[in-house]
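Every value quoted in this text rests on a predicted model; they were computed, and no experiment measured them. Each ligand, and each atom within it, is numbered from 1 in the order the structure gives.
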Amino acid sequence: MAYLNDNYLKLQAGYLFPEIARRVREFCDANSEAARRLIRCGIGDVTEPLPPAVIAAMHHAVDEQSVRETFRGYGHEQGLESLREKIAQQDYRDRGVEMTADEIFISEGSKSDCGYILDVLGDQNKIAITDPVYPVYVDTNVMAGHTGAAGEGGRYHGITYLPCGPQNGFAPEPPREAVDVVYLCFPNNPTGAVASRAQLNRWVEYAREHEAIILFDAAYEAYISDPEVPHSIFEIPDARECAIEFRSFSKNAGFTGVRCGFTVMPKSLHARTSDGRKLPLHPLWHRRWSTKANSVSYPVQRGAEAVYTPDGRKETRELIDHYMGNARILREAAAGAGLEVYGGVNAPYIWVKTPAGLTSWQLFDRMLHELNVVITPGSGFGSCGEGYFRISAFNSRENAEEVARRLGNL
Ligand SMILES: *Cc1c(COP(=O)(O)O)cnc(C)c1O
C-alpha cells in the first residue's frame, strides 16, 4: 500500500473560516429577519469589478487567440517578457531599485508562490514567522515536514514565533537567536501594520549577519499612503543579497478570481548547499518553474500588463482609493465607539482590541447577534491575535457606512 504525507496529519483543522461560516449559518437559520441585515466584513476578498483597462486587454488577448496569425501557444517559462519588463521598470527601477526582467517570475498568485518557494530551500532551515500571521506561511512549512507536532495554543514545535502587539507596533524586531528563513508581510494581513525603513534595515542587517533569507510578502504595497514607508524590501540597501519578494495583482487590481502575481528572485541572492558551498538560488527557481509549470494564461498576463498602462494605473488607484475610503470610515467609527484601533491607514484591514476583556470569539458572537456584522476573530491568526478582531475594508461604500453606523451601538 502507498504511504501518504504524514505531515498533513499534523495540520490543525482549518478552523477559522469554516467556524465563521458555521456560526453565521446557524445564526441566519434562526433569525431570518436579521439575516437580511447581515453585512460581511470577514474574509479578505475584494468586492469591486476589474478595472476597464484590464477587461479590454483580456478581451483583446482572447481575440488574438482566435486568429492563426496572432495565436499564441506555450509562452516564456517566467511569463511574458513585456509584462516582466513593465514590472521591473515601474515597480522597481522607477523607485530607484536595481531590477531586471529576468529576476521576475510571473505566477498564478502569491499564495501559491509562498508554498512553491519551499521547493528550492533546504529542509534543515530554521523558520521564523510573526504571530499573528497569514496562516499560509505556517501550514506550507508543516506540509513540507519542517515542524514538529502542534503543541498547546496551536504553536508548532520547531518554528520560531515573533510576537506582535502594540508594544512593537505589530512589527517585530529580529530575534536574538539565529534563524535561517523569516517570513515578513508588510503592509500586514491581519493587523494592517507597516514596517518603517529603520525596522526593515534592522531585518536586512540581521539576515546579512546570519546568512538568512527574508521572504517578504508585499501583496498590499499599493495601499501604502505614508511616503516614508518602503513599498518593497529591495528599497533597503543589501536586500538583493538576502530577500525574495512576493507580489500579487489580487488586492491592487482585483485579480482574486482572475489569478496572477509574481515572485522577485534577485540573481545576487545565495544560499548554502549542505556541504557548505554558497550558490545562487535563481537557477534553482528557474528550473523549478520550467520543470513544474508552463507559466500563466496568456489573456490573464495581458490583463496584468494593462495595470501598468496610464489608464490601468489610474483605474487601480481609484479602486484602492475606494477601499481606503471605506477603511477610514470604519477606523473612525471604531475609534469613535471608544475602541482601541490599529491599521487601516496603509492597509485595507482595521485591527481592533476587543472591549471589556472579551475573547475574540465572544466579540465575534456579539457583533453577529447584536450588530449583524461578520468580522474575523483575531485568535484565528495566532495566539497573539487573541483579544483582537479584524474588520476588512473590502466592501461597497454603502455597506462600510452602514457598519460604521452600527459600530456606534456596540
Ligand atoms: C491576499 C493575500 C495574498 C495574495 O494572494 P493571491 O494568491 O495572489 O490571491 C498574499 N499574501 C497575503 C498576506 C494576502 O492577504
Does this structure show an ion pair linking Arg93 with Glu85, if we count only N-O contacts that are shorter than 4.0 Å? yes
Nearest protein heavy-atom contact for atom 3 (C) of ligand 1: which residue, which atom, what distance? Lys251 NZ, 3.5 Å
Any nitrogen or oxygen of Asn189, main chain or side chain, under 3.5 Å from a nitrogen or oxygen of ligand 1? yes
re atom 7 (O) of ligand 1, the protein heavy-atom contact at minimum distance is Arg259 NH2, 2.7 Å
Would you call Arg22-Glu19 a salt bridge at under 4.0 Å N-O? yes
In terms of atom number and element, which parts of ligand 1 are under 4.0 angstrom from non-hydrogen atoms of Asp217? 10 (C), 11 (N), 12 (C), 13 (C)
Should Arg397 and Glu401 count as an ion pair when the cut-off is N to O under 4.0 Å? no
Pairwise distance CG(Leu269) to CD1(Ile214) - rounded to 0.5 angstrom: 10.0 Å
Residue portion contacting ligand 1 (non-hydrogen atoms closer than 4.0 Å) for Ser250: side chain
With no hydrogens and no angle check, just 3.5 Å: does a side-chain donor-acceptor pair link Glu103 and Tyr92? no
Is the distance between the ring centroids of Tyr349 and Tyr220 under 6.0 Å? yes
May I ask you to list the atoms of ligand 1 that are less than 4.0 angstrom from any heavy atom of Ala219? 3 (C), 10 (C), 11 (N)
The atoms of ligand 1 lying under 4.0 Å from a heavy atom of Gly109, numbered in the order shown, are 7 (O), 8 (O)
Closest approach of any protein heavy atom to atom 15 (O) of ligand 1, naming residue and atom: Tyr220 OH, 2.6 Å
Examine Ser248 against ligand 1 and note whether any of their N/O atoms are separated by less than 3.5 Å. yes
Regarding Arg288 and the six-membered ring of Tyr116, is the cationic atom NZ or CZ under 6.0 Å from the ring centre and inside 45° of its axis? yes
Within a distance under 4.0 Å of any heavy atom of Cys185, pick out the atoms of ligand 1 and give their elements. 13 (C)
To the nearest 0.1 Å, how far is atom 4 (C) of ligand 1 from its closest protein heavy atom, and which atom is that? Ser110 OG, 3.3 Å
Flag the pair Arg202 and Glu205 as a salt bridge only when some basic side-chain nitrogen lies within less than 4.0 angstrom of an acidic carboxylate oxygen. no
